[in-house]
Amino acid sequence: MVTLEDVKKAQLGNKDFVHYTPILTSAQLDDLCGNRVFLKAEHLQKTGSFKIRGAANKVQQAVKEGANYITAASSGNHGQAVAYMANRLGVPVTIVVPEDANAVKIAAIEAYNGKIVKCGTTSAERIPKAMEIAEQNNGVFIPPYDDPYIIAGQGTLGLEILEQVPNAEIIVVPVGGGGLISGILTAVKQLNPEIKVIGVEPATANDTFLSLQTGEITAIPATSTIADGLRTSQPGDLTFPIVKEYLDDLVLVSEEEIRDAFHFIVERTKQVIEPSSAVTIAAILSCKLNVEGKHIVAVLSGGNVDLLQMDEFLSLK
Ligand SMILES: *Cc1c(COP(=O)(O)O)cnc(C)c1O
C-alpha cells in the first residue's frame with residue numbers, strides 16, 4: 001500500500017512542476033448549505049487539473065528508471081498532464097485518444113509536443129494501444145490512477161488541504177477511478193483520522209458505490225454523464241482497497257444536480273470549472289452530506305471545459 005512517506009516524497013519531488021493552488025470561499029454557498037465551505041482550486045492547477053500531481057510524480061520516476069519514451073491513453077486531463085511532464089523532462093510522448101476526441105483537448109496535448117494517435121472509442125481499446133506503442137519504443141506507459149506513484153502524487157492535494165484549512169472537518173472529493181481519493185485518504189487518515197473524507201460519484205457512473213456495497217471491485221457497463229472525468233467503469237486494484245478501508249461515505253448525485261452546481265459555481269463565483277468538479281458542490285447544495293455548521297473542503301478537481309459546450313452543461317432551470 002502507498003504510505004504517507006510516499007506522499008511526502010511526492011510533494012518534495014513535484015515542487016518545480018505543480019502549483020500550490022489557492023482556497024476560495026463563497027458566502028452565498030455557505031448561506032445556502034449552512035456550513036463553511038472551502039474550495040480547493042485545482043481548476044487553477046498547471047494543465048488545468050490535479051492530474052499533474054500524479055503525472056509529475058510518476059513520469060519523473062519513470063525517467064529516473066531510464067525511460068526515454070512515454071505513452072498514456074486518455075481523452076482528457078491525464079493525457080494533458082502526462083504530455084506536459086514528458087515535455088518538461090525532454091522525453092518524447094504519445095497520447096492515445098479516442099477517434100471522437102474533442103479538438104480542444106487534442107490541441108492542448110499537441111501544444112505540449114505530445115504526439116496524437118487515435119484509436120477506438122473506449123479505454124479498453126486505447127490502453128492496449130498505448131502499451132504497445134510504449135513497448136515498441138522501449139518506453140513506459142503511464143496509467144491514469146491505478147499506480148502507487150500516481151496515487152502518492154494525487155495525495156499531495158491532501159497535504160495541502162491540511163496545511164491550508166487546519167480546522168477542516170469534512171473533505172469532499174470526486175471519484176472516478178479513485179486515484180485522487182485514495183491519495184487524499186492516504187495522507188489525511190494518517191495525519192488526522194478525525195477528518196471525514198466523503199466521495200462523490202454521478203448516479204449514472206456509480207461503480208465505486210456498487211463496489212463498496214458488494215465489498216469487491218464491481219464493473220458497470222458504459223456510462224453517460226456530463227462529468228466526463230468520472231466515467232470510469234470500475235475502481236482500480238490498488239485504489240479500491242484504500243477506499244474500502246478508509247472512506248467514510250460515498251454519495252451519488254444526479255445529472256440535474258451536477259448541472260445546477262456547475263451553474264452556481266460559474267455564475268456566482270465566476271470560476272471556470274469542468275462538470276467533474278461540480279459533483280462536490282452538487283453533494284453540498286443538495287444537502288446529501290446531512291451536516292450543519294461544519295468546515296467542509298470541496299475539491300474543485302479541474303477546469304478543462306470546452307467553452308463551446310458551456311451552455312449545454314448549464315442548468316436550464
Ligand atoms: C480524473 C479526474 C477526476 C477523477 O479522478 P480519479 O483519480 O480517476 O478518481 C475528477 N475530476 C477531474 C477533473 C479529473 O480529471
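Keep in mind that the numbers below use all heavy atoms, side chains included, and drop hydrogens, waters and symmetry copies.
- The shortest non-hydrogen separation linking Q154 to G54 is OE1-N, 2.8 Å.
- In this structure a side-chain-to-backbone donor-acceptor pair under 3.5 Å is present from N57 to Y149.
- At a threshold of 4.5 Å between side-chain heavy atoms, the hydrophobic network of Ile, Leu, Val, Met, Phe, Trp and Tyr places I281 and L289 in one connected group.
- For N167, the CG atom sits in a packed shell: over 12 heavy atoms of surrounding residues, nucleotides or ligands are nearer than 6.0 Å.
- Of all heavy-atom pairs spanning A283 and S286, the tightest one is O-OG, 3.4 Å.
- With hydrogens and angles disregarded, a donor-acceptor distance shorter than 3.5 Å links the side chain of D6 to the backbone of T3.
- A cation-pi arrangement is absent between K105 and Y112 under the rule of less than 6.0 angstrom and at most 45 degrees off the ring axis.
- With E125 contributing its side chain and T121 its backbone, the two residues share a donor-acceptor pair below 3.5 Å.
- With Q60 contributing its side chain and G13 its backbone, the two residues share a donor-acceptor pair below 3.5 Å.
- Tracing side-chain contacts under 4.5 Å through hydrophobic residues (I, L, V, M, F, W, Y), one never reaches V165 starting from V37; they form parts of separate clusters.
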Could you go through T156 and V7, starting from their C-alpha distance and side-chain angles, then the distance that decides it, and tell me whether this counts as side chain to side chain contact (heavy atoms under 4.5 Å, CB included)? CA-CA 6 Å; T156 62; V7 179; 4.3 Å; yes
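- In this structure the side chain of V299 never reaches within 4.5 angstrom of the side chain of F50, judged on heavy atoms.
- No side-chain N or O of S49 forms a donor-acceptor pair with one of E42 less than 3.5 Å apart.
- With 3.5 Å as the limit, one finds a donor-acceptor pair spanning the side chains of H295 and E169.
- In this structure, V63 is a member of the same hydrophobic cluster as I95, with clusters built from ILVMFWY side-chain heavy atoms closer than 4.5 Å.
- Expressed to the nearest 0.5 Å, how far CG of L29 lies from CZ of R36 amounts to 10.5 Å.
- Between S182 and G178, the shortest heavy-atom distance links the atoms OG-O, 2.6 Å.
- Between the CD1 atom of I161 and the CD1 atom of I184 there is a distance of 5.0 Å, given to the nearest 0.5 Å.
- With 3.5 Å as the limit, one finds no donor-acceptor pair spanning the side chains of S277 and E274.
- Of the charged side-chain nitrogens involved, at least one lies within less than 4.0 Å of a carboxylate oxygen, so that E257 and K288 count as a salt-bridged pair.
- A distance-only check finds no donor-acceptor pair linking the side chain of K270 to the backbone of I265 [under 3.5 Å].
- Side-chain contact between L300 and L44 is absent, with no heavy atoms from C-beta onward closer than 4.5 Å.
- At least one donor-acceptor pair under 3.5 Å links the side chain of N35 to the backbone N or O of V291.
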Between M1 and E245, does the side chain to side chain contact (heavy atoms under 4.5 Å, CB included) criterion hold? Intermediate values first, please. CA-CA 11 Å; M1 253 195 198; E245 179 161 355; 3.7 Å; yes
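- A pairwise comparison of heavy atoms in L159 and A187 identifies CD2-CB, 3.9 Å as the closest pair.
- Judged purely by atom type and a 3.5 angstrom limit, S211 uses its side chain to pair as donor or acceptor with the backbone of T218.
- The salt bridge (charged side-chain N to carboxylate O under 4.0 Å, His left out) search around D147 returns K58, not counting sequence neighbours.
- The closest donor-acceptor contact from the side chain of E255 to the backbone of I226 lies under 3.5 Å.
- Exactly one residue among I133, T71, V82, V96 makes a side-chain contact (heavy atoms from CB on, under 4.5 Å) with F141. That residue is T71.
- With rounding to the nearest 0.5 Å, the separation of CG in N113 from NZ in K115 is 13.0 Å.
- Checking each of T239, I142, L238 against I150 for a side-chain contact (heavy atoms from CB on, under 4.5 Å) leaves exactly one that passes, namely I142.
- Separating the CD1 atom in I258 from the CG atom in L230 is a distance of 7.5 Å, to the nearest 0.5 Å.
- The closest side-chain heavy-atom distance from L89 to F17 is below 4.5 Å.
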Under the criterion side chain to side chain contact (heavy atoms under 4.5 Å, CB included), I'd like the reasoning laid out for T208 against V243: C-alpha separation, chi angles, the key distance, then a yes or no. CA-CA 9 Å; T208 297; V243 169; 4.1 Å; yes
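- A distance-only check finds a donor-acceptor pair linking the side chain of R259 to the backbone of E312 [under 3.5 Å].
- The shortest side-chain heavy-atom distance between V253 and T280 does not fall under the 4.5 Å cut-off.
- Hydrophobic clustering (side-chain heavy atoms under 4.5 Å, transitive across Ile, Leu, Val, Met, Phe, Trp, Tyr) keeps I170 apart from L180.
- Between N87 and V93 the shortest side-chain heavy-atom distance does not fall below 4.5 Å.
- Judged purely by atom type and a 3.5 angstrom limit, R231 uses its side chain to pair as donor or acceptor with the backbone of T225.
- Residues I296 and F38 form no side-chain contact, since every pair of their non-hydrogen atoms from C-beta on lies 4.5 Å or further apart.
- Under a cut-off of 6.0 angstrom, the local environment of CD in E163 is crowded, with over 12 non-hydrogen atoms contributed by other residues, nucleotides or ligands.
- Between L4 atom CG and T186 atom OG1 the span is 8.5 Å, to the nearest 0.5 Å.
- Counting heavy atoms of neighbouring residues, nucleotides and ligands inside a 6.0 Å radius, atom CD of E292 does not exceed 12 of them.
- Both I242 and I181 are assigned to one and the same hydrophobic cluster, defined by single-linkage of ILVMFWY side chains at heavy-atom distances under 4.5 Å.
- Across A62 and V140, no two heavy atoms sit closer than the pair CB-CG1, 4.1 Å.
- In plain terms, the two heavy atoms of L157 and R53 that are nearest each other are N-NH1, 3.7 Å.
- Residues M310 and V266 form a side-chain contact, since some pair of their non-hydrogen atoms from C-beta on lies under 4.5 Å apart.
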Evaluate L24 against T269 for side chain to side chain contact (heavy atoms under 4.5 Å, CB included), listing each step before the verdict. CA-CA 9 Å; L24 310 176; T269 72; over 6 Å; no
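- For the atom pair L185 CG and I151 CD1, the distance stands at 10.5 Å (nearest 0.5 Å).
- Using a 4.5 Å heavy-atom threshold, the side chains of V272 and H43 count as separate.
- Side-chain contact of Y69 with T94: a donor-acceptor pair under 3.5 Å is present, judged by distance alone.
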